[in-house]
J.: 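Got a structure for you, questions after.
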Amino acid sequence: MSDHVRVPYNYLPMQFADYSEIATGWDALIKSSDFTLGTFMERFEGEFAAYIGSPRCLGTNNGTDALILALRALGIGPGDEVITPCNSFYATTGAIVAVGATPVFCDVDERFQTDVDDAARRVTDRTRALLPVHWAGASPDMRQVMDLAQAHNLLVLEDACMAIGGKVHGTSPGTFGDMGAFSMHPLKTLNVMGDGGMVITEDAERMTWMLKYRNHGMVDRDHIEFWGVNMRLQPLQAIVASHMLTSLDERLARRREVQRTYDERLGTLGPSIVVPPRAEWNPETVSLYMIEADDRDGLISHLVANGVEAKVHYPVPLHLQKPGRDLGYGPGDMPVAEAQADRLVTLPAHEYLTDEQVERAIDMVADFASPTGGARS
Ligand SMILES: Cc1ncc(COP(=O)(O)O)c(C=O)c1O
């Protein structure tokens with residue numbers, strides 16, 4: 001194999017190499033002038049609801065707004081505590097803070113998912129909701145999450161931003177709790193060429209409220225029922241979403257193939273490289289393919305020097321970020337997530353990788369890890 005095979009992390013230039021169908025959709029939109037809400041957006045909302053298997057959904061500006069809108073619809077605000085894992089993207093906790101509630105962090109398990117037992121230990125009489133995350137496109141066991149919620153009468157909002165197309169016990173992430181929020185940011189499985197988000201719920205009353213709140217609280221052109229905001233998904237992007245949805249399952253199938261190959265081959269490299277366990281009830285979206293490595297920084301340097309664009313998601317858990325420490329958290333509070341943060345490596349694992357590129361990435365990890373498990377110096 002050539003030493004010059006590069007393994008890019010960024011797949012965006014490949015994703016829209018052929019955008020002719022999107023352009024045809026845009027042409028129809030432009031001719032209709034249906035630039036806010038309207039038929040193109042409603043069409044995608046219907047397609048998304050059918051794909052996810054939820055009776056109701058609505059499109060938002062982005063995944064962060066989807067979380068904020070859902071929290072507001074659940075009535076969560078000042079004085080409420082919301083338990084959430086400490087290893088997500090900033091937006092999960094940012095949304096809790098944005099509605100005036102207090103985030104309470106919990107630790108994670110060896111699959112990088114919410115540790116439900118640890119979450120249970122953090123329930124207080126101020127806890128109103130659980131906000132589990134389908135982190136990296138894998139999922140916590142939502143049955144356990146729901147058991148915990150039921151035991152304490154808690155609301156559940158699922159951050160399924162990375163999990164469009166995943167499955168948990170046969171159904172979509174986001175469908176277990178009271179609400180589910182999704183992102184269509186370019187680095188998510190359904191990329192809308194910019195920002196976009198979705199909220200799902202089975203609750204008709206909450207959905208009616210969200211539809212109004214997303215659009216200034218309007219009931220018609222001249223009247224509002226309450227003060228709202230503008231959190232609307234753009235029709236231009238709904239057209240991209242409709243198009244991308246048609247290829248999603250096929251693209252995810254290739255990602256899962258790459259994941260299987262990585263798992264099988266990297267899993268034999270010895271104790272210095274740890275592949276997380278997979279759950280057979282959870283076909284993942286492989287949004288982030290992460291392993292742990294004893295010498296993480298050494299491995300990343302080796303990979304990058306050899307054209308394999310490895311990354312870290314993320315080196316500092318949320319509770320150790322400045323605003324997390326301001327809440328009173330410190331080192332040692334989340335031992336599992338903190339140990340992982342020092343060891344995580346994300347490998348390119350998208351659907352556009354060739355077998356040769358996957359082999360190259362595996363070879364470069366193997367090249368660094370000695371058969372006995374010690375990292376090569
Ligand atoms: C787990 C998670 N939650 C929330 C978000 C926020 O989504 P967005 O970037 O669309 O606002 C993201 C992605 O960025 C995410 O990965």
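First listed ligand is number 1; within each ligand, the first listed atom is number 1.
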J.: For ligand 1, which atoms, with element, lie under 4.0 Å from some heavy atom of Ala91?
T.: 4 (C), 5 (C), 6 (C)

J.: Counting only N and O atoms by type, is there a donor-acceptor contact under 3.5 Å from the side chain of Glu158 to the main-chain atoms of Gly180?
T.: no

J.: Are Arg255 and Tyr11 in a cation-pi contact, defined as NZ or CZ under 6.0 Å from the six-membered ring centre and within 45° of the axis?
T.: yes

J.: Checking the N or O distance criterion of under 3.5 Å, is ligand 1 in contact with His185?
T.: no

J.: Looking at Ser183, which atoms of ligand 1 are within less than 4.0 Å of one of its heavy atoms?
T.: 7 (O), 8 (P), 10 (O)

J.: Which residue supplies the protein heavy atom nearest to atom 13 (C) of ligand 1, what is that atom called, and how far is it?
T.: Lys188 NZ, 2.7 Å

J.: Give a yes/no on ligand 1: does Ser88 have at least one heavy atom closer than 4.0 angstrom to it?
T.: yes

J.: Considering both backbone and side-chain atoms of Trp135, is one of its nitrogen or oxygen atoms within less than 3.5 Å of a nitrogen or oxygen in ligand 1?
T.: no

J.: Do the rings of Trp209 and Tyr213 sit parallel, tilted or perpendicular, given the 30° and 60° boundaries?
T.: parallel

J.: Taking only heavy atoms of Gly63, which atoms of ligand 1 are found under 4.0 Å from at least one of them?
T.: 7 (O), 8 (P), 10 (O), 11 (O)

J.: Return the closest protein heavy atom for atom 4 (C) of ligand 1 as residue, atom name and distance.
T.: Cys161 SG, 3.4 Å

J.: Report the nearest protein non-hydrogen atom to atom 11 (O) of ligand 1: residue, atom name, distance rounded to 0.1 Å.
T.: Thr64 OG1, 2.5 Å

J.: Can you give the donor-acceptor pairs under 3.5 Å from side chains of residues 330-339 to other protein atoms, not counting sequence neighbours?
T.:
unit_1 : atom_1 : unit_2 : atom_2 : d
Asp333 : OD2    : Gly330 : N      : 2.7
Glu338 : OE1    : Gly332 : N      : 2.6
Glu338 : OE2    : His319 : NE2    : 2.7
Glu338 : OE2    : Gly332 : N      : 3.1
Glu338 : OE2    : Asp333 : N      : 3.2
Glu338 : OE2    : Met334 : N      : 2.9

J.: So, are Glu356 and Arg360 salt-bridged, with charged N and O less than 4.0 Å apart?
T.: no

J.: Which residue supplies the protein heavy atom nearest to atom 3 (N) of ligand 1, what is that atom called, and how far is it?
T.: Asp159 OD2, 2.7 Å

J.: Looking at His169, Arg111, Gln113, which one forms a side chain to side chain donor-acceptor pair (under 3.5 Å) with Asp141?
T.: His169

J.: Does an N or O anywhere in Asp195 fall below 3.5 Å from an N or O of ligand 1?
T.: no

J.: If you count the non-hydrogen atoms of other residues, nucleotides and ligands that lie under 6.0 Å from OH in Tyr19, is the total more than 12?
T.: no

J.: Using a 4.0 Å cut-off to any heavy atom of Thr92, which atoms of ligand 1 qualify?
T.: 3 (N)

J.: Are any of the N or O atoms of Met162 closer than 3.5 Å to those of ligand 1?
T.: no

J.: Applying a strict under-4.5 Å side-chain criterion to I, L, V, M, F, W and Y, I'd like to know whether Val108 and Val116 cluster together.
T.: no

J.: Mind checking whether Phe48 and Phe182 have parallel, tilted or perpendicular rings, split at 30° and 60°?
T.: perpendicular

